[in-house]
Engineer: 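Handing you a structure now.
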2 protein chains.
Amino acid sequence: MTPDTDFDLQSFLPYLLNRAAEETGLKFQKIYKDRYGMLRTEWRVLAHLGGYGTMTATEIGARAGVHKTKISRAVARLELLGFLARSGNQTDRRQEFLGLTKKGQAAYADLSLSAQRFNAELTRSLSEHDQAVLTRCLTSLAAG
Amino acid sequence: MTPDTDFDLQSFLPYLLNRAAEETGLKFQKIYKDRYGMLRTEWRVLAHLGGYGTMTATEIGARAGVHKTKISRAVARLELLGFLARSGNQTDRRQEFLGLTKKGQAAYADLSLSAQRFNAELTRSLSEHDQAVLTRCLTSLAAG
DNA sequence: TCGTAATAGTTGATTTTGTAACTAACAACA
DNA sequence: TGTTGTTAGTTACAAAATCAACTATTACGA
């Protein structure tokens, strides 16, 4: 039985993407976990609110590509930890506007700075051109 | 309070990588899940054994970047489903050589072919050059 | 060769995620 | 109105990942 495919796992994009994501993600996870006890989704919610301003849970989910149950739990925990505050929407009482507290803003300022440094370190060995190609390809792949 | 960082989540590599990995990974997951009832780690173990031949659990873990408890459970399940067989090592009775059964080989042949097609579809919109850059960058990032 | 350390792999307890069902509020339209 | 459908968000339960502890075996040094 000869192998009729010359499949190469090392060039299979989902595999490579997953490995690269895990490798880089776990390293950065240490930062927000150690400093603020945050989980990944919590950091992601914080990053969205810090970077794009107040919005609803559904909107975060849509932008971040995260399911609403995960958002719901992350929001609850961020609120519990004092990083986030909710304010009901008068015109549509189903939804709530989510915004960072002072403490949340401070955490975002700190973590986003660390993220920048972390990213700079990651891309240090890549040429400007490669960085541009990589970001473009990833953005395209992430969009589906 | 002016934001003293111009951090952009959209160019933060761990975020982009994670999104691209999820997007592509979940799509391909449907294939091995629907056809063979496999989980991601199980498909990954199958892919390693199918692509590189018989090896031990630890070796798969090291190559695939997966923790041994995940490997252990994936192997147990693949064995249960009849895709994989173990054979003890005489010279070191702690370890076992893992290999695919006929059924496992057939599943690998099928899935690796689908993976190739899936990958081709993913990269269809990318130029040859971009593909090469992407793969190179991802491999470098995955290596840590 | 005895005792200690290291390695292969498994198992159990805890945490986190995923799936589905649920409540509450709004929308559309007869 | 009232009935049906849709959307926002939460919760309950099942599935899976993580972490630590465990057994069995081998390696190594006094």
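Small disclaimer: the values here were computed from a predicted structure and weren't measured. In what follows, every chain begins at residue 1, and chains take the letters A, B, ... in the order their sequences are listed.
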Engineer: Using side-chain hydrogen bond (donor to acceptor under 3.5 Å, both in side chains), reason through R94(A) and N89(A) one step at a time and then give a plain yes or no.
Structural biologist: CA-CA 8 Å; R94(A) 286 173 302 182; N89(A) 179 0; over 6 Å; no

Engineer: Under the salt bridge (Lys or Arg N to Asp or Glu O under 4.0 Å) rule, collect the residues that match up with D8(B), sequence neighbours excluded.
Structural biologist: none

Engineer: Please enumerate all residues that pass salt bridge (Lys or Arg N to Asp or Glu O under 4.0 Å) together with R117(A), with sequence neighbours excluded.
Structural biologist: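 Salt bridge (Lys or Arg N to Asp or Glu O under 4.0 Å) check on R117(A) returns nothing, list empty.
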
Engineer: Using residues 73-83 of chain A as the side-chain source, report each donor-acceptor pair under 3.5 Å to any protein atom, sequence neighbours left out, with the distance given to one decimal.
Structural biologist:
| residue | atom | partner | partner atom | Å |
| --- | --- | --- | --- | --- |
| R77(A) | NH1 | G37(A) | O | 3.2 |
| R77(A) | NH1 | E42(A) | OE1 | 2.7 |
| R77(A) | NH1 | E42(A) | OE2 | 3.2 |
| R77(A) | NH2 | G37(A) | O | 3.4 |
| E79(A) | OE1 | R86(A) | NE | 2.9 |
| E79(A) | OE1 | R86(A) | NH2 | 3.2 |
| E79(A) | OE2 | R86(A) | NE | 3.3 |

Engineer: Between residues 47-55 of chain A and DNA chain D, which residues have a heavy-atom gap below 4.0 Å?
Structural biologist: none

Engineer: Can you measure R94(A) atom CZ to dA27(C) atom P for me and round it to whole angstrom units?
Structural biologist: 6 Å

Engineer: Any ring pair (Phe, Tyr, Trp, His ring centres under 6.0 Å) involving residues 51-73 of chain B? Give me the pairs, sequence neighbours left out, ordered by first then second residue.
Structural biologist: H48(B)-Y52(B)

Engineer: Quick check on contacts: within residues 86-93 of chain A, what sits under 4.0 Å from DNA chain C by heavy-atom distance?
Structural biologist: T91(A), D92(A), R93(A)

Engineer: How does each nucleotide of nucleotides 15-23 of chain C score, in 5' to 3' order, for protein heavy atoms under 4.0 Å: base (B), sugar-phosphate only (S), or none (-)?
Structural biologist: -S-BBB---

Engineer: Tell me: CD1 of I71(B) to C1' of dT10(C), nearest whole Å?
Structural biologist: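 My rounded result for the distance is 13 Å.
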
Engineer: For D110(A), check salt bridge (Lys or Arg N to Asp or Glu O under 4.0 Å) against everything at least two apart and list the hits.
Structural biologist: R35(A)

Engineer: Among residues two or more places apart or on two chains, list those pairs meeting ring pair (Phe, Tyr, Trp, His ring centres under 6.0 Å) that have a residue in residues 124-144 of chain B.
Structural biologist: H129(A)-H129(B)

Engineer: Can you name the salt bridge (Lys or Arg N to Asp or Glu O under 4.0 Å) partners of K103(A), sequence neighbours left out?
Structural biologist: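 For K103(A), no residue satisfies salt bridge (Lys or Arg N to Asp or Glu O under 4.0 Å) once neighbours in sequence are set aside.
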
Engineer: Could you tell me the boundaries of the chain B footprint on DNA chain D, defined by atoms under 4.0 Å from its heavy atoms?
Structural biologist: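 From 5' to 3', the first and last contacting nucleotides are dA16(D) to dT26(D).
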
Engineer: Which residue pairs pass the side chain to side chain donor-acceptor pair (under 3.5 Å) test with at least one member in residues 135-144 of chain A, sequence neighbours excluded?
Structural biologist: R136(A)-D130(B)

